[in-house]
Amino acid sequence: MSIALSEQEIIRRESLKQLRALGINPYPAEAFDVNAWAQDITDNFANKPEAYQNVVIAGRIMTRRIMGSASFAEIQDSTGRIQIYLKRDDICPDEDKTLYNTVFKKLLDLGDYVGVKGYVFLTQTGEISVHVRELIVLSKSLKPLPVVRRDDEGNIYDAFTDPEMRYRQRYVDLTVNPAYKQIFVNRSKVISSMRNYFNAQGWMEVETPILQPVHGGAAARPFATHHNTLDMPLFLRIANELYLKRLIVAGFDGVYEFGKMFRNEGMDRTHNPEFTAMEIYVAYKDYIWMMAMVEECLETVAKAVHGIPVVQVGNNEINFAGPYEKLSMYDSILKYTGIDVSAMDEAALRETCAELKIEVNPTMGKGKLIDEIFSAKVEHNLIQPTYITDYPIEMTPLAKKHRTKDGLVERFELFVNGKEIANAYSELNDPIDQRERLEEQLVLAGRGDDEAMAMDDDFLRALEYGMPPTSGLGIGIDRLVMLMTNQSTIQEVLFFPQMRPEKKARVATADDFINAGVPAEWVPVLNKMGFNTVEELKAGNPNKVFNDLGGMRKKLKLDITMPAKEVVMAWFE
RNA sequence: GAUUCCGUAGCUCAGCUGGUAGAGCAUAACACUUUUAAUGUUGGGGUCCUGGGUUCGAAUCCCAGCGGGAUCACCA
């Protein structure tokens, strides 16, 4: 954080001091209870004008139009904007016109929070407005907000669009671009409607460890950390699957968890290092049952957000009402490439990949090769919700072997708009099979596959005690929200997407300057003059610095004592 | 990780073949009692992302770095 302030910031700090000098607390402690909101007033005033004769509203000043002894301003609260009308002699009925002439016209700025008491009326031009009887300062804003202007047709001028600033300063983004708040409202609806649906079925929301000694349940590189007291390595979870299954072993019928997962991998418009997943496990069910459940669940979610199960995503209208198309992995490849890979061995698959011009590497096993073909040739075709079922056993160490088809497992993934959003199995509950499958993963790891799954002995011990037949499902919540809100990047559905750290200007702390003998009030002035460290200052010309300090004092109209020349000279010793 | 584009006032952006940095809004001052992208007049405001290089002279050209976007690769 730079110490040097812009001209506008200095002016606002000066206004803050003057408010205090007038006996006005710019950050009052008392609650300010409102009884009306902008949206409510604009929607309902015409029908019930008598209900809006004593309104109390609060929010930020977003525009201001001053015309002598009358002014208009717009107040933005959580629901929108409403115009207020201030008349000098109404808010200052006595001789003292300070509140209007000084406080409102001079000391308040765009972005300040104020409270307003008054009555709603219609202006000559027909705009619903609040005629202010009383104006209360609630919070002074010291940094100017970007000003986004809109005209009558809703055209936007000077939009605040820089993605970097929008994501780093989401509070500014959502203040000046309030339309984006709807994405997060809808995100909340997605999660709450899903939670309500699960609870209605009698399943229980649980929490499982985020810090895990073994990172299991998925194939991904983890974030590693360390616990000091136990002096042991711990990993941020890449999945919670193995813990939820332990709870099925423990005797719960249905458990689910919404939670953050952490994967130490690339970032792009569909990947953030931490993301939200929902996993659910239901005992005595299989993946066929799960498909019907997902259809019902997603239809419920789509209706909660849009009122109907049809969602516009880009150029596609996606219909979340089931049943969804079902296609086996092998059939889907056959359908989109004309090639039957179901009987191929690893060598034949490599040859097929070469023919299809798909890049592969030697660490890839049979399952991975099939997945490559699927990703390259099939995935992007799956626009309407489609289940891809019955995966090769090699890619899926935690799913149960297919009841009738050798070499496959009972698994489906749900694809929508060309992207995977859900993954489900008939869960593997044969402890001996599970141990062998995890051992095969260790072999893959030995070949150099750094995402092969790790062995979890405690999980295997749990299975040995016995887990009922169970079906499990994972849904990527961020990607589901992207679909439900028609967004093409994950950053738009996360309040605070991961960013590289902001570059800090090389700035010494104020204390460093004070230790060098500089009075505290002059430190910002030196910063303003371009001296960000004591070393830079000492490298300067003492006489020039002394003269410039006087210049800055005059220019910035600073009301602080000029240091004696000897004092300034001492800074350079 | 690769390719490519971008980084100039609080915000949105101009700035040509290199010649002392511009606009609109915001901000400051004055005027104005129903405006609404308010208006009129007059001011102030800049580490041109950082560091090197070329040059008499760099916001501009070259190199490196930092940050961001897009595309691709990777990615259950």
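Below, read A as the first sequence line, B as the second, and so on, with proteins coming before strands; counting in each chain starts at 1.
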*Candidates rU12(B), rC32(B), rC75(B) - which lies nearest the side chain of Glu372(A)*: rC75(B)
*salt bridge (Lys or Arg N to Asp or Glu O under 4.0 Å) with Arg65(A): which residues, sequence neighbours excluded?*
none
_Ring of Phe223(A), cation from Arg263(A) - is the NZ or CZ under 6.0 Å from the centre and inside 45° of the axis?_
no
*Nearest-nucleotide wise, let me know which of Gln83(A) and Asp158(A) is further upstream toward the 5' end of RNA chain B.*
Asp158(A)
*Integer angstrom distance from the P of rG45(B) to that of rA23(B)*: 13 Å
*Please report, rounded to the nearest Å, how far the C1' atom of rU35(B) is from the CD atom of Glu74(A).*
11 Å
*Distance, rounded to the nearest Å, where Gln169(A) contributes CD and rG10(B) contributes P*: 13 Å
*Start with the C-alpha gap between Ile373(A) and Leu349(A), add the side-chain angles, then the distance that decides, and say whether side chain to side chain contact (heavy atoms under 4.5 Å, CB included) holds.*
CA-CA 9 Å; Ile373(A) 298 171; Leu349(A) 285 168; 4.3 Å; yes
*Does the side-chain ring of Tyr157(A) sit on the six-membered ring of the rG24(B) base, less than 5.5 Å centre to centre and under 30° in tilt?*
no
*Compute both the distance and the angle, then confirm whether Arg411(A) meets the cation-pi test with Tyr391(A): under 6.0 Å from the six-membered ring centre, within 45 degrees of the axis.*
yes
_Pairwise P distance, rA59(B) and rC49(B) [rounded to whole Å]_ = 10 Å
_Distance check, C1' atoms only: rA21(B) and rU47(B), in whole angstrom units._
14 Å
*Pairwise 5' ranking along RNA chain B for Leu122(A) and Arg479(A), keeping only the more 5' one*: Leu122(A)
*Is the cationic atom of Arg88(A) (NZ for Lys, CZ for Arg) positioned less than 6.0 Å from the six-membered ring centroid of Phe104(A) and within 45 degrees of its normal?*
no
*Which part of the nucleic acid does Asp371(A) contact within heavy-atom distance under 4.0 Å: base, sugar-phosphate only, or nothing?*
nothing
*Could you give the NE2-to-C1' distance, from His215(A) to rA76(B), as a whole number of Å?*
14 Å
_Counterpart residues, side chain to side chain donor-acceptor pair (under 3.5 Å), relative to His380(A) (two or more places apart)_ = none
Could you go over nucleotides 26-28 of chain B and give all protein N or O partners under 3.5 Å, atom names and distances?
residue, atom, partner, partner atom, Å
rA26(B), N3, Gln8(A), NE2, 3.0
rU27(B), O4', Gln8(A), OE1, 3.4

*Distance between the C1' atoms of rA73(B) and rU54(B), in whole angstroms?*
37 Å
*Residue Pro397(A), side-chain atoms from C-beta onward, closest of rU35(B), rG69(B), rA76(B)*: rA76(B)
*Scan Leu369(A), Val341(A), Asp371(A), Ile370(A) and name whichever one has a side-chain contact (heavy atoms from CB on, under 4.5 Å) with Pro392(A).*
Ile370(A)
*asked:* Say we look at rU34(B) and rG24(B): how far apart would their P atoms be, to the nearest angstrom?
replied: 27 Å
*Using the C1' atom as the reference point in each nucleotide, state the distance between rA14(B) and rC30(B) in Å, no decimals.*
30 Å
_Any salt bridge linking Lys400(A) with Glu427(A)? Criterion: basic side-chain nitrogen under 4.0 Å from a carboxylate oxygen._
no
_Please give the distance between the P atoms of rG52(B) and rU60(B) as a whole number of Å._
14 Å
*Rounded off to whole Å, could you give me the CG-to-P distance for the Asp112(A) and rG10(B) pair?*
19 Å
*What is the distance from CG of Asn272(A) to C1' of rC74(B), rounded to the nearest Å?*
16 Å
_I'd like the C1' distance from rU8(B) over to rA76(B), given in whole Å._
45 Å
